[in-house]
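Note sheet for the following structure.
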Amino acid sequence: MQLADLFAERARNARPFEWEPEPEGDIVSLAYGLADPALFPREELIEAAAQAAAANGSRLLNYASPDSMLIDQILAHLQQQGVAAERKQLLLGSGSSELLNVLPLVLVEPGDAVIIEAPTFLGAVNRFKASGAKLLGVPVGPEGMDLDALEAILQTLRADGRRAKFIYAIPTFQNPTGTTMPLANRERLVALAAAYGTLIVEDDAYGELRFRGEHLPPLAALSNDWVLRVSTFSKILAPGLRLGYAHGPLAVIERLAAFKTSGSGGPFLTGMVARYCADGRLDAHIAELRALYARKCDAMIAAIEQEFPKEIRYVKPDGGFFVWCTLPAGMSARALASHALECGAEILPGPSCYADGSGDDSFRLSFSFQPEDRIVEGIRRLGRAIRGMM
Ligand SMILES: Cc1ncc(COP(=O)(O)O)c(C=O)c1O
């Protein structure tokens, strides 16, 4: 008799997520989408915490619902984005990750079809997989998800008498490709979801961080019935706060709330963030972040132009954290990742972004974390590694 025999099937090979150890020595890591700590508003957050404790400490430090001030601020922000969400259609969570993790409990039985982008953010997708979902990948091109390929999958499922439980999409500054879906495609995507009766889960982690081009409405602004949108304070304020939210159809929100582990969403945390955000301060902070990430992105692109052989193709993003690169035929991103480490640079190889482990012809670079001079140095080292392999 083994203890391990007691585990549920989904837990048999499960392991806790562990941060990769920082590479040792002088390595420039361009692998991870970490926010730049240089702009964490430390002093203002301390001040906001003191204000929350002084103004409403006996409620916010007790078991309580989230601070209604923050709920009001989020609803007003959604309205500005063209999303008409009511209070009861909004649910806060410990990062958007918590809400994405709970989602399969509400929607997925083992064997159910879930449509994802290929490549995508595996942090969310691995949880869908653990619930027994059958993942169906749709290629991502320069304009986001390939909607002809998506429609073909939806038709095949329908011919089988099935519906996909949901489509997980990151239409704005996608992780990992940095691509953004144009308006016409957004309209077609929500029309497809409605026609085939499937929910879109719009992950909008980076949507606020546009530093070029015209603002586009989130999918949630285009459909009240078939879009659940998740968003987060991680990229616009600080990921260590662990604060995200979901909004969308009431029936889905109510069920997510029922399965969420912590009922309230952190009364004190929400009280603190609400006081920080008051008087348009968050908007001013986001404007600063956009300018910072624009400079870093430009530094990375200029370095790529200078240091990479012309055979390397890349996508220039209009916002977000990432630049996606594609290698010429015959070159392996995994092999490049190991050789790059020897040359003093770290990248995220494509297979870490594909649920089926494919994508070894591509890799992701992140310009969010490193200072500009380190970005340039990292790309120089990477260029050397690439030329060494070609
Ligand atoms: C697309 C995407 N969604 C969600 C998250 C997680 O965000 P949170 O910190 O809100 O859990 C990330 C973080 O990297 C992300 O890239």
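Whatever order the structure lists them in is the order used to number ligands and atoms, beginning at 1. Computed over heavy atoms, backbone and side chain alike; hydrogens, waters and symmetry mates excluded.
Counting the atoms of ligand 1 from 1 in the order shown, those under 4.0 Å from a heavy atom of Thr232 are 8 (P), 10 (O). Atom numbering of ligand 1 starts at 1 in the shown order; those under 4.0 Å from a heavy atom of Ala205 are 2 (C), 3 (N). Atom numbering of ligand 1 starts at 1 in the shown order; those under 4.0 Å from a heavy atom of Ser234 are 8 (P), 9 (O), 10 (O). For ligand 1 and Ile170, the ligand atoms under 4.0 Å from any heavy atom of the residue are 1 (C). Taking a cut-off of under 4.0 Å to the non-hydrogen atoms of Gly95, the atoms of ligand 1 that pass are 10 (O), 11 (O). Atom numbering of ligand 1 starts at 1 in the shown order; those under 4.0 Å from a heavy atom of Arg242 are 8 (P), 9 (O), 11 (O).
Residue Asn13 qualifies as open at atom CG: its count of foreign heavy atoms under 6.0 Å is 12 or below. Arg313 CZ: 12 or fewer foreign heavy atoms inside a 6.0 Å radius.
The two residues Pro37 and Arg42 have their closest heavy-atom pair at O-NH2, 3.3 Å.
Taking the six-membered ring for Trp, Phe321 and Phe367 have ring centres at least 6.0 Å apart.
Salt-bridge check for Arg229 with Asp203: failed, with every basic side-chain N at 4.0 Å or more from each acidic carboxylate O.
Nearest to atom 2 (C) of ligand 1 by heavy-atom distance, out of Val230, Leu122, Leu241, Asp203, is Asp203.
Ligand 1 is approached by Tyr206 to a heavy-atom distance shorter than 4.0 Å. Under the 4.0 angstrom criterion for non-hydrogen atoms, Gln174 is not in contact with ligand 1.
Scanning the protein heavy atoms around atom 11 (O) of ligand 1, the nearest turns out to be Ser97 OG, 2.5 Å.
The side-chain tip of Arg210 does not point at the ring of Phe173 from less than 6.0 angstrom away and within 45° of straight on.
For ligand 1, the polar-atom distance check finds no N/O of Tyr168 at less than 3.5 Å from any of the ligand's N/O atoms.
The residue from Thr180, Thr179, Asn175 that alone fulfils the side chain to side chain donor-acceptor pair (under 3.5 Å) condition with Thr177 is Thr179.
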